[in-house]
Amino acid sequence: MDSDLSPQDKKDLDKFIKFFALKTVQVIVQARLGEKICTRSSSSPTGSDWFNLAIKDIPEVTHEAKKALAGQLPGIGRSMCVEISLKTSEGDSMELETWCLEMNEKCDKDIKVSYTVYNRLSVLLKSLLAITRVTPAYKLSRKQGHDYVILYRIYFGEVQLSGLGEGFQTVRVGVVGTPVGTVTLSCAYRTNLAFMSNRQFERSAPIMGIIVDHFVDPPCSSQRPTHMGQPCNYRAPDEEDGGTFAGVQDSQEVCTTSFSTSPPSQVGHSPRSFSLSLSLTFDFFSSFHTCFSFHFLFFLFVCFPSCCLFIVRLSLRVDEGRRSVSPSDPVESLSAFTRKVGAFVNKPSTQITAASLDLPFAAFAPRGLDSEENDPMVINMLTDIFCVQASLHSQGSEGSGQQDDFVMVDFRPAFSKDDLLPMDLGTFYREFQNPPQLASLSLHISSQSMADDLDSLPEKLRVYEKNIDEFDAFVDMLQ
Amino acid sequence: MLALLHTILLHRSTGKFHYKKEGTYSIGTVGTLDIDCDFIDFTFVRVSSEELDRVIRKAVSEFKDALSNSGSDGMGQISLEFYQKKKSRWPFSDECIPWEVWSIKVNVVNLANEQERQICREKVGEKLGEKVINVVEVINRHEYLPKMPTQSEVDNVFDTSLKDVQPYLYKITYQITDSLGTSVSTTMRRLIKDTLAL
């Protein structure tokens, strides 16, 4: 049958079927992302929209589809299937539907490849767009979130419908006859949605995911193809990009709800740097016993996590004079604080060494201390606290009298300014820290007042009964 | 109503044709848009064209008003007809030859309470899904489509008035049957009006 086709027609037909398969996968997966899809019509042909339909290409999905195809095309006995399943937060899974792109032996030799087949494939894609919103999995996918997510899997070969349970329904999306066979697109979907727990899936390839977490890097982010789709100009040179994906390993991946423009690298780095700065902070404070400063800083870091990174970086700039120090290095950061001790302590002869400080990783701090730098107006709260602690724990050769001294540290919290405001954050905190206990909360006072009240109660009652007419007149006046 | 009409028009619309000197043409791109129905549990896909959407909404709105005015428990039918124009010699006007007609019959049902409305909402959603599958099944039989026209005849086959997409020439008509069973001759009046307008 192939001998009846001209080489150009054969080439075109193979290309149509290949990109139809890729677009089919895109339509199905995008319909299960959980959001409404919107693409714009364009009166001018862009040359990159296959089948004259604006269907965006998710690179990871294209990659997975090409990986499943492995250079082959859907043909007789070789079906391309997209399996949609549901996975709960507890780890249970259930297959929802299986979309099958198949080809049978029924040929239409008189059909024109370059026009009729192409247009009919376009109509079939439109039908697929419509049908993907009709099957039960669509509503489930729109409601996915914390309780469950929708996953997809692409495989090539024999169709597997056993996971759909009993009584599954089949809907045929459409057929397109070609000179080499009839392309059929259909969907088998589960009707029994009763959940089956503790199922063991035996698969050759892991299930790939849709959505879940914006912060998960797509595994192929470093291997994104440079071309999004292929031009549909028939005379354009054929570009095969199968080599781009050689060496990609199977992995469980997820696609984001939203095709955000945020590049994965930035999203991926932020949480790591944030967590590093937090761990630095908590290690730092683990040795502190000053309750008010710890609580205040803990409150600050909990409520304003972004401040955490900023404060650490500020400290490093002030102390080290280097702008490239990364806060992700706890030892180096700690050494910065260690060096800062000397600047605030009003004892020029005090030699505070790293070893004498009750600090984590103090033994790793470098011995040589740089000369002091004049502090700019930038607030460095962490350093202030460090100095207080250091002075309390200093064991220098000055003797025990030194331990009674304390350093008056000007408490200047970060991000507050000494401006014209009558009361800034630091002043407020100093004035209202350690407030006296309320008198009524004191057990002794409250019990004493209650005893007094009980004793005076009879006298009060006598007075009230005596003046009862006055009270009644007052009540009448109010009414 | 909109769901079914838009589903049909999605399949019967192409991108804008751009004819070239050597007798070939290129086709623009059709975008799509997911629309959630307001009162039914259903989502449909329509062509991403606000102009086309306005025309369809206007026709459906007129049909809805006519149904409402006909009284309770009325019936009606709205039809989407695709046609071709055939040039006729003077003094005869061009002939409109329908090649595909879709008719949607509607029965108005009164619901007593919110519970019935909820049940109806789900049932109608399911029925709509079945109808979309029926539409897709018919369209994919590929029984007849007009031949692609030359540049001079494109207006006889396609509606080229829209800026972004190009559906086949179509018209929407409706017919109301009131509760007494008598048919209002809206369709005839509209057909005559359209013919005279040509």
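Worth saying up front: this structure is predicted, and the values here are computed from it rather than measured. Here is how names work: the chains are called A, B, and so on, in the same order as the sequence lines, proteins then strands, and each is numbered from 1.
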Exercise. Based on non-hydrogen pairs under 4.5 Å, which of B:Asp164, B:Thr7, B:Ile35 is most in contact with chain A?
Worked result: B:Asp164
Problem set entry | Atom group of B:His18 that falls short of 4.5 Å from chain A, counting heavy atoms | side chain
For this session: Just give me the residue among B:Asp41, B:Leu128, B:Leu162 that pairs up with chain A most often, heavy atom to heavy atom, under 4.5 Å.
Result: B:Asp41
Exercise. In Å, rounded to the nearest 0.5 Å, how long is the span from CG of A:Asn119 to NE2 of B:His142?
Worked result: 10.0 Å
Seminar exercise, completed: Given the options A:Leu129, A:Ile55, A:Leu125, B:Thr32 meets side chain to side chain contact (heavy atoms under 4.5 Å, CB included) only with A:Leu129
Exercise. Side chain of A:Asn52, backbone of B:Val30: donor and acceptor closer than 3.5 Å?
Worked result: no
Problem set entry | Proximity breakdown for A:Val171 and chain B, heavy-atom pairs closer than 4.5 Å | side chain
Problem set entry | Residue B:Phe17 versus chain A: region with a heavy atom under 4.5 Å | neither
Exercise. Only one of A:Arg133, A:Arg142, A:Lys36 forms a side-chain hydrogen bond (donor to acceptor under 3.5 Å, both in side chains) with B:Asp34, so which one is it?
Worked result: A:Arg133
Problem set entry | Residues B:Thr29 and A:Asp49: side-chain donor-acceptor under 3.5 angstrom | yes
For this session: To the nearest 0.5 angstrom, please state how far the OG atom of A:Ser41 sits from the CD atom of B:Glu50.
Result: 9.5 Å
Problem set entry | From B:Glu137 atom CD to A:Ser127 atom OG, the distance as rounded to the nearest 0.5 Å | 11.0 Å
Exercise. What closest approach, in Å, do A:Lys126 and B:His11 show between heavy atoms, and which atom pair accounts for it?
Worked result: C-NE2, 3.6 Å
